[in-house]
Amino acid sequence: MTQKRWGKKKKYPRDWKAYNEELVRRGTFYLDFDWVKSWRKELAEMNKNKVGAPYQFPESLIELQAVWHQLTNYRGVEGITRAVVEAGKLPQYNDFSTINRRVNKMNTKIMLPEKGDIYAATDGTGTKLNMSGEYFETKYGNGKKKFIKVIITANPITKDLLKVDASLEGEELSEPQVAMTHMAELEAEGYNILKFWGDGSFDAHELFDFLDYYNIEPAVKIGKDAVIDPGGSVRRNIEVRIFQELGYEQWAKEKEYGKRWLGTEGIISAVKRCFGERVRSKKEENMIKEAKRKFWAYEKMRKYAKA
């Protein structure tokens, strides 16, 4: 018997024609070469006061190749670049080892929105190692299969990705710790976080104290067996009392808890649909960087399409 969902089914208005066009435009990102007009100028700026051998390829090319790498390996990226050169869209191509080196050194900092009031939600997911055989299990998992843990913070109202962290399973900070780090960085960068969403794994006294310090409204799911702790977080005790008085359904409605999905699980699901759940790299350091680049690439394409 199918359990009936509580509450009324909500309708989320969306301009499907505009959204469809946005999805189509994301595909054009792969072959947009307008930036090539500034090839020489960009190289001149990159090589200004540079010590050692000068750069031969602009960062704009490397960023595009980093996105191509989500679809194929570095030798495949070289092949694509060669074909584009032959088509007259690029002046020259770089080999796969140069692409590999530059991509793994590139800055994958997320382009943030204008400073001001924002909302935040944090959640984590796993990215699989591409080679999960005996060698990798022995090297990284002590005989057990491991994965890369990725934790993101995003704005559930605008669906903008804000921060990304990645680490090998077992070496990562807890999700509440990463959430606090992300929000502290955003506050230091000039953003005012109005509200934070998190699932039950974020029900931590330290996190509630953090939210109280920055005057951020919590929308964190409280555990069913939660009790008021006289020696614990004052803010959490307040939220526990509210949760117990309202019950989960009413609490979720008043806190708009369902919006959490739009800011975290929606992005995670979209990234995995676009670029898969595995990384191709073999070195631990590059695995972690590649896992983060999946989210960087998705956000870059999304912003390109919306612009």
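Reckoned from all heavy atoms, side chains included, excluding hydrogens, waters and symmetry mates.
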Verdict with supporting geometry, Arg302 and Glu22, side chain to side chain contact (heavy atoms under 4.5 Å, CB included): CA-CA 8 Å; Arg302 177 181 167 275; Glu22 180 185 329; 4.2 Å; yes
Would you give the length of the straight line joining atom CE of Met287 to atom NZ of Lys282, rounded to the nearest 0.5 angstrom? 9.5 Å
Looking at every heavy atom in both Glu175 and Asp123, which two are closest together, and how far apart are they? OE1-OD1, 4.0 Å
Mark yes when over 12 heavy atoms from residues, nucleotides or ligands other than Phe33 sit less than 6.0 Å from its CZ; otherwise mark no. yes
Exercise: identify the closest heavy-atom pair between Tyr191 and Lys115: CE2-CA, 3.5 Å
With sequence neighbours left out, what residues match Tyr213 under ring pair (Phe, Tyr, Trp, His ring centres under 6.0 Å)? none
In terms of the angle between their ring planes, are Phe210 and Tyr214 parallel, tilted or perpendicular, with boundaries placed at 30° and 60°? tilted
Evaluate side chain to side chain contact (heavy atoms under 4.5 Å, CB included) for Val36 paired with Lys89, printing each intermediate quantity in order. CA-CA 8 Å; Val36 180; Lys89 297 295 184 180; over 6 Å; no
Search all heavy atoms of Leu161 against all heavy atoms of Leu112 and return the closest pair with its distance. O-CD2, 4.5 Å
Sorted by chain and number, sequence neighbours left out, side-chain contact (heavy atoms from CB on, under 4.5 Å) with Lys292 holds for Val164, Ala166
Taking C-beta and beyond as the side chain, do Leu90 and Trp39 meet within less than 4.5 Å on heavy atoms? yes
Output all residues satisfying side-chain contact (heavy atoms from CB on, under 4.5 Å) with Asp209, sequence neighbours left out; order by chain, then residue number. Ser233
For the atom pair OH (Tyr119) and NZ (Lys195), what is the distance rounded to the nearest 0.5 Å? 8.0 Å
Would you check if Asp203 and Phe208 make a side-chain contact, meaning some heavy-atom pair closer than 4.5 Å? yes
Verify the distance criterion only: is there a donor paired with an acceptor across the side chains of Asp95 and Thr98 at less than 3.5 Å? yes
In this structure, are over 12 heavy atoms from other groups packed under 6.0 Å from Lys224 atom NZ? no
Using modelled atom types only, decide if a donor and an acceptor are shared between the side chain of Lys255 and the backbone of Pro218 within a distance under 3.5 Å. yes
With a 3.5 Å cut-off and sequence neighbours excluded, list the donor-acceptor pairs that the side chains of residues 57-72 form with protein atoms.
| residue | atom | partner | partner atom | Å |
| --- | --- | --- | --- | --- |
| Glu59 | OE1 | Arg102 | NH2 | 3.0 |
| Ser60 | OG | Glu42 | OE1 | 2.8 |
| Ser60 | OG | Glu42 | OE2 | 3.2 |
| Glu63 | OE1 | Lys300 | NZ | 3.1 |
| Gln65 | OE1 | Asn94 | ND2 | 3.1 |
| Gln65 | NE2 | Thr81 | OG1 | 3.0 |
| Gln65 | NE2 | Asn94 | OD1 | 2.8 |
| Trp68 | NE1 | Tyr30 | O | 3.0 |
| Gln70 | NE2 | Ala66 | O | 3.4 |

Working to the nearest 0.5 Å, report the span between NZ of Lys306 and CZ of Arg26. 8.5 Å
Main-chain N/O of Val227 paired with Gln244 side-chain donor or acceptor, under 3.5 Å: no
Answer yes or no: is there an ion pair linking Arg235 with Glu239, defined by an N-O contact shorter than 4.0 Å? yes
Please determine if Glu171 and Lys149 form a salt bridge, counting it only when a charged side-chain N lies under 4.0 Å from a carboxylate O. no
Contacts of type ring pair (Phe, Tyr, Trp, His ring centres under 6.0 Å), residue Tyr257, not counting sequence neighbours: Trp251
The reported gap from OG1 in Thr127 to CD1 in Ile288 (rounded to nearest 0.5 angstrom) is 11.0 Å
Rounded distance (nearest 0.5 Å) linking atom CG of Asn47 with atom CD of Gln56: 9.0 Å
Would you say the side chain of Arg273 lies within less than 4.5 Å of the side chain of Ser269, judging by non-hydrogen atoms? yes
Taking C-beta and beyond as the side chain, do Tyr74 and Asn104 meet within less than 4.5 Å on heavy atoms? yes
Who pairs with Ala44 by side-chain contact (heavy atoms from CB on, under 4.5 Å), at least two apart in sequence or on another chain? none
Nearest heavy-atom contact between Leu162 and Pro113 is CD2-CD, 4.1 Å
Rounded to the nearest 0.5 Å, what's the gap from CD1 on Ile267 to CZ on Phe295? Could you check? 8.5 Å
Keeping the roles fixed (side chain from Lys294, backbone from Arg278), state whether a donor-acceptor pair exists under 3.5 Å. yes
Can you confirm whether Glu265 sits close enough to Arg260 that some side-chain heavy atom of one is under 4.5 Å from a side-chain heavy atom of the other? yes
Taking only residues two or more places apart in sequence, or in another chain, which ones meet Phe202 in a ring pair (Phe, Tyr, Trp, His ring centres under 6.0 Å)? Phe196
Does a salt bridge link Arg75 with Glu78, judged by any charged N lying under 4.0 Å from a carboxylate O? no
Tell me if a side-chain donor or acceptor on Glu290 pairs with a main-chain N or O of Ser281 at a distance below 3.5 Å. yes
So which heavy atom on Arg241 is nearest to which on Ile228, and how close? NH2-CD1, 3.5 Å
Donor-acceptor contacts under 3.5 Å from residues 180-190 side chains, at least two apart:
| residue | atom | partner | partner atom | Å |
| --- | --- | --- | --- | --- |
| Thr181 | OG1 | Gln177 | O | 3.0 |
| His182 | ND1 | Thr153 | OG1 | 2.7 |
| His182 | NE2 | Asp165 | OD2 | 2.7 |
| Glu185 | OE1 | Lys163 | NZ | 3.4 |
| Glu187 | OE2 | Ile193 | N | 3.3 |
| Glu189 | OE2 | Lys163 | NZ | 3.0 |

Can you list everything that forms a ring pair (Phe, Tyr, Trp, His ring centres under 6.0 Å) with Phe29? Sequence neighbours excluded, please. Tyr304
Taking ILVMFWY side chains as joined if any heavy atoms are under 4.5 angstrom apart, and letting links pass through other members, which residues group with Leu173? Ile151, Val178
Contacts of Arg25 that satisfy side chain to side chain donor-acceptor pair (under 3.5 Å) - sequence neighbours left out: none
If we only count heavy atoms from C-beta on, is the Ile118 to Leu194 side-chain gap below 4.5 Å? no
Would you please name every residue forming a side-chain contact (heavy atoms from CB on, under 4.5 Å) with Lys272, sequence neighbours left out? Thr125, Ile268, Glu277
Is it the case that over 12 heavy atoms from other parts of the model lie below 6.0 angstrom from the CG atom of Asn215? no
If I compare all heavy atoms of Phe243 with all of Ile222, which pair ends up nearest, and what's the gap? CZ-O, 3.7 Å
Side chain to side chain contact (heavy atoms under 4.5 Å, CB included) between Asp160 and Lys303, worked out: CA-CA 9 Å; Asp160 289 324; Lys303 281 189 167 66; 4.0 Å; yes
Go through the steps for Arg101 and Ser97 under the test side-chain hydrogen bond (donor to acceptor under 3.5 Å, both in side chains), then give the verdict. CA-CA 6 Å; Arg101 185 174 63 255; Ser97 60; 5.0 Å; no
